[in-house]
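Read the structure below first, then the notes.
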Amino acid sequence: MEIISISKSDAGGLKEIIASIKGRNIYSSLKYESGVHRVQRVPDTETQGRVHTSAATVAVLPEAEEVDIKIEEKDLRIDVFRSSGPGGQSVNTTDSAVRITHIPTGIVVSQQDEKSQIRNKEKGLKILRSRIYEFERNKRDEERAKDRKSKIGSGDRSERIRTYNFPQGRVTDHRINLTLHKLEEFMEGEIFDEMIDNLSLQAQEEELKKIS
């Protein structure tokens with residue numbers, strides 16, 4: 001596990017942690033942790049022994065691959081025209097200027113700096129590739145933000161997926177109605193697999209219901 005960033009709260013706790021976790025089948029094991037985790041405990045500052053409830057939102061996302069831009073010839077429309085100078089006057093007697101349209105995205109690039117049509121096309125494609133990269137990256141970032149929001153909901157405690165009750169030493173996963181009276185062992189990771197196996201089984205059953 002590699003910590004990417006830590007943001008501490010004014011109260012001395014942690015506001016946000018972003019980490020990169022690598023391992024075999026790691027996403028399939030940790031994806032069920034996305035959601036609101038509710039903690040019930042008696043803080044050291046509590047003099048009346050009352051149980052306090054707090055919550056943490058968790059989002060588990062697969063690491064995004066770098067956007068790989070491959071421009072297919074069939075996706076391009078290339079128009080040639082004469083370069084124009086100030087006032088629209090033609091500065092070239094040949095059709096050396098190039099307008100390239102990337103049909104799937106609708107991105108258009110015009111290039112007329114060079115006297116050679118080939119050079120203008122080369123420069124235009126370079127600019128086009130950069131703009132498509134930016135377009136795809138923004139689209140990917142929007143999808144990841146949407147994915148993250150869907151996984152943590154509004155952060156409201158009523159949307160909890162799991163409760164950790166320290167006074168009673170139990171952990172309950174509300175999605176599968178499974179309660180384990182082994183909170184300490186769970187926090188140490190000793191019986192984490194038992195929870196994941198049950199969540200995975202339910203997910204498979206839900207997928208089978210959709211098919212049938």
Side-chain angles (χ1 to χ4, degrees), residues 1-9 13-41 53-72 104-105 129 132-166 169-212:
M1 183 177 78
E2 178 191 357
I3 302 294
I4 306 298
S5 69
I6 292 181
S7 175
K8 295 185 178 179
S9 67
L14 293 166
K15 189 177 179 183
E16 182 185 64
I17 299 178
I18 300 173
S20 171
I21 304 170
K22 291 182 169 69
R24 182 170 175 163
N25 298 326
I26 196 74
Y27 180 68
S28 60
S29 295
L30 293 181
K31 64 183 178 181
Y32 301 109
E33 297 305 292
S34 292
V36 178
H37 294 246
R38 185 176 69 167
V39 177
Q40 294 175 324
R41 84 276 184 231
T53 300
S54 56
T57 56
V58 176
V60 179
L61 304 169
E63 193 169 60
E65 298 294 326
E66 273 297 311
V67 178
D68 186 22
I69 301 302
K70 288 190 179 119
I71 300 176
E72 303 281 348
T105 59
R129 189 173 282 105
I132 294 172
Y133 176 88
E134 191 66 22
F135 175 85
E136 293 294 342
R137 195 182 67 175
N138 289 338
K139 189 169 77 171
R140 181 199 65 191
D141 289 346
E142 282 174 18
E143 285 169 357
R144 282 170 62 78
K146 190 177 175 184
D147 187 22
R148 182 182 186 278
K149 192 174 180 182
S150 72
K151 285 180 174 175
I152 65 172
S154 65
D156 191 279
R157 289 176 195 166
S158 63
E159 296 178 338
R160 68 193 184 279
I161 62 164
R162 193 177 296 145
T163 296
Y164 308 82
N165 187 300
F166 282 86
R170 62 177 167 81
V171 55
T172 300
D173 196 290
H174 304 286
R175 295 164 294 182
I176 50 176
N177 295 319
L178 176 66
T179 297
L180 301 171
H181 293 276
K182 299 174 182 176
L183 180 56
E184 278 191 37
E185 292 91 329
F186 185 86
M187 297 304 286
E188 292 295 324
E190 293 173 18
I191 56 169
F192 181 69
D193 288 345
E194 185 179 339
M195 185 78 79
I196 295 302
D197 288 344
N198 280 279
L199 285 163
S200 181
L201 191 63
Q202 178 181 278
Q204 287 171 13
E205 287 174 356
E206 287 176 354
E207 287 298 318
L208 286 169
K209 281 178 187 174
K210 286 179 188 175
I211 295 168
S212 57

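- Below 30°, between 30° and 60°, or above 60°: for Y164 and F186 the angle between ring planes is between 30° and 60°, a tilted geometry.
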Apply side chain to side chain contact (heavy atoms under 4.5 Å, CB included) to the pair L183 and R170, showing each step before the final yes or no. CA-CA 5 Å; L183 180 56; R170 62 177 167 81; 5.7 Å; no
Side chain to side chain contact (heavy atoms under 4.5 Å, CB included) assessment of I17 paired with I3: CA-CA 8 Å; I17 299 178; I3 302 294; 4.2 Å; yes
Go through the steps to decide whether E136 and K139 satisfy the test salt bridge (charged side-chain N to carboxylate O under 4.0 Å, His left out), and finish with yes or no. CA-CA 5 Å; E136 293 294 342; K139 189 169 77 171; 3.5 Å; yes
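- Annotation: side chain of V171 is not in contact with side chain of T163 (no heavy-atom distance under 4.5 Å).
- Rounded to the nearest 0.5 angstrom, D197 CG and D193 CG are separated by 6.0 Å.
- Between H174 and I161 the shortest side-chain heavy-atom distance does not fall below 4.5 Å.
- Between R137 and E134 there is a salt bridge, since a side-chain N of the basic residue sits under 4.0 Å from a carboxylate O of the acidic one.
- Classification of R140 and E143 as a salt-bridged pair fails, no side-chain N sitting under 4.0 Å from a carboxylate O.
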Can you check side chain to side chain contact (heavy atoms under 4.5 Å, CB included) on Q40 and S54, steps first, answer last? CA-CA 7 Å; Q40 294 175 324; S54 56; over 6 Å; no
How far apart are the C-alpha atoms of K8 and K15, what are their side-chain angles, what is the distance that settles it, and do they pass the side chain to side chain contact (heavy atoms under 4.5 Å, CB included) test? CA-CA 5 Å; K8 295 185 178 179; K15 189 177 179 183; over 6 Å; no
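- Note that CG of L199 is 4.0 Å distant from CD1 of I176, once rounded to the nearest 0.5 Å.
- Contact detail for K182 and I191: the closest heavy-atom pair is CB-CD1, 3.5 Å.
- Atom NZ of residue K22 and atom OH of residue Y27 lie 16.0 Å apart, to the nearest 0.5 angstrom.
- Residues satisfying the side chain to side chain donor-acceptor pair (under 3.5 Å) criterion with D173, sequence neighbours excluded, are R162, R175.
- How far OG of S29 is from CD1 of I196: 6.5 Å, rounded to the nearest 0.5 Å.
- The closest side-chain heavy-atom distance from F192 to L30 is below 4.5 Å.
- No more than 12 heavy atoms of other residues, nucleotides or ligands lie within 6.0 Å of CD in E184, so this atom counts as exposed by the packing criterion.
- Separating the OG atom in S200 from the NZ atom in K31 is a distance of 7.0 Å, to the nearest 0.5 Å.
- Comment: K210 engages E207 in a salt bridge, judged by a side-chain N to carboxylate O separation of less than 4.0 angstrom.
- To the nearest 0.5 Å, atoms CD (E16) and OG (S9) are separated by 12.0 Å.
- The closest donor-acceptor contact from the side chain of T179 to the backbone of T172 lies at 3.5 Å or more, if one exists at all.
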